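Each remark here refers to the structure printed beneath this line.
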Amino acid sequence: MSNPDELLVAISAAVESERSNQMSLTVVVGGAVLTGRLAPEAVWRERVAEVLKDSDRLGAFSDVFARGPRGYRPGRGEAPTHLHFHLARILQGSLGLPETGGMYRVAIKDVSAWTVGDLSYSDR
């Protein structure tokens, strides 16, 4: 989307203000379907930093996520520009990758379609 969907921006802003991670969302970005729960950016950054910190090869990058960009202050009245997913999967055929869910950051302006809810496949 060249102009970010105002409703999607409002949903992201609500997640940011409530510090909630219960909003499930499915988006289409660049032809890929991504489904999972939204998290406030600060919570998402903390979780990514924790995962990286425990890695022998990637531990040095944990500080980048923990401290955020220079002047970073979540909730300062600016409209969110990104969605922060956790427990998210990229849907491919009848599979969700990764199976356990991952951490994804998606630019709102790049979302071409979306729906509320977490999609999953069933063999039934």
Side-chain angles (χ1 to χ4, degrees):
M1 295 181 163
S2 55
N3 294 320
D5 183 316
E6 290 178 17
L7 186 54
L8 194 53
V9 171
I11 290 168
S12 182
V15 169
E16 289 294 331
S17 67
E18 297 295 322
R19 293 189 58 86
S20 170
N21 62 359
Q22 298 305 306
M23 181 61 178
S24 294
L25 196 69
T26 300
V27 298
V28 177
V29 180
V33 178
L34 178 67
T35 189
R37 288 193 303 191
L38 294 178
E41 183 174 359
V43 172
W44 183 87
R45 284 176 173 275
E46 288 170 16
R47 180 66 186 125
V48 172
E50 289 171 9
V51 171
L52 291 174
K53 187 175 184 181
D54 293 338
S55 170
D56 291 335
R57 292 187 336 223
L58 303 174
F61 291 98
S62 68
D63 287 344
V64 173
F65 288 89
R67 71 173 179 263
R70 193 171 285 164
Y72 172 71
R73 290 185 186 133
R76 297 289 296 173
E78 293 181 18
T81 58
H82 290 78
L83 301 170
H84 296 87
F85 285 90
H86 70 117
L87 301 174
R89 296 170 327 279
I90 296 173
L91 300 181
Q92 176 68 38
S94 62
L95 299 174
L97 307 169
E99 243 179 68
T100 57
M103 308 289 284
Y104 297 93
R105 176 178 161 113
V106 175
I108 294 172
K109 68 178 180 64
D110 293 337
V111 174
S112 59
W114 62 275
T115 189
V116 172
D118 186 354
L119 297 183
S120 61
Y121 287 101
S122 172
D123 310 4
R124 296 184 217 175

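Just so it is clear, the values below take in all heavy atoms, side chains as well, and ignore hydrogens, waters and symmetry mates. Bear in mind the structure is a predicted one, so any value in this text is a computation, not a measurement.
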Sidechain-backbone polar pair: Ser62 side chain, Leu52 backbone, donor-acceptor under 3.5 Å: no
message: Using side-chain heavy atoms (C-beta onward) and a distance below 4.5 Å, is His86 in contact with Val48?
response: no
- prompt: Taking side chain as C-beta onward, heavy atoms only, is Thr35 less than 4.5 Å from Asp118?
  reply: yes
- prompt: Sequence neighbours excluded, which residues qualify as side chain to side chain contact (heavy atoms under 4.5 Å, CB included) partners of Arg105?
  reply: Glu41, Trp44, Arg45, His82, His84
Side-chain heavy-atom pair Asp5, Val111 within 4.5 angstrom cut-off: no
query: Is Ser12 reaching over with its side chain to a backbone N or O of Leu83, donor-acceptor style, under 3.5 angstrom?
result: no
- request: Mind checking side chain to side chain contact (heavy atoms under 4.5 Å, CB included) for Leu87 and listing every partner two or more places apart, or none if nothing turns up?
  value: Arg37
task: State, yes or no, whether a side-chain contact exists between Tyr104 and Val29 at a heavy-atom distance under 4.5 Å.
output: no
field: For Val51, all residues meeting side chain to side chain contact (heavy atoms under 4.5 Å, CB included), sequence neighbours excluded
entry: Arg47
- prompt: Taking all non-hydrogen atoms of both residues, which atom of Leu119 and which atom of Arg89 are closest, and how far apart?
  reply: O-NH2, 2.8 Å
query: Just how far is it from atom CZ of Phe85 to atom CG of Leu38, taken to the nearest 0.5 Å?
result: 5.0 Å
statement: To the nearest 0.5 Å, atom CG of Leu34 lies from atom CG of Leu91 at 8.0 Å
- line: Value for NZ (Lys109) from CG (Leu8), rounded to nearest 0.5 Å, stands at 13.5 Å
message: Using every non-hydrogen atom in the two residues, find where Ile90 and Ala32 come nearest and quote the distance to one decimal.
response: CG2-CB, 4.5 Å
- prompt: Which heavy atom in Pro4 sits nearest to a heavy atom in Val9, and how many Å separate them?
  reply: CB-CG2, 4.0 Å
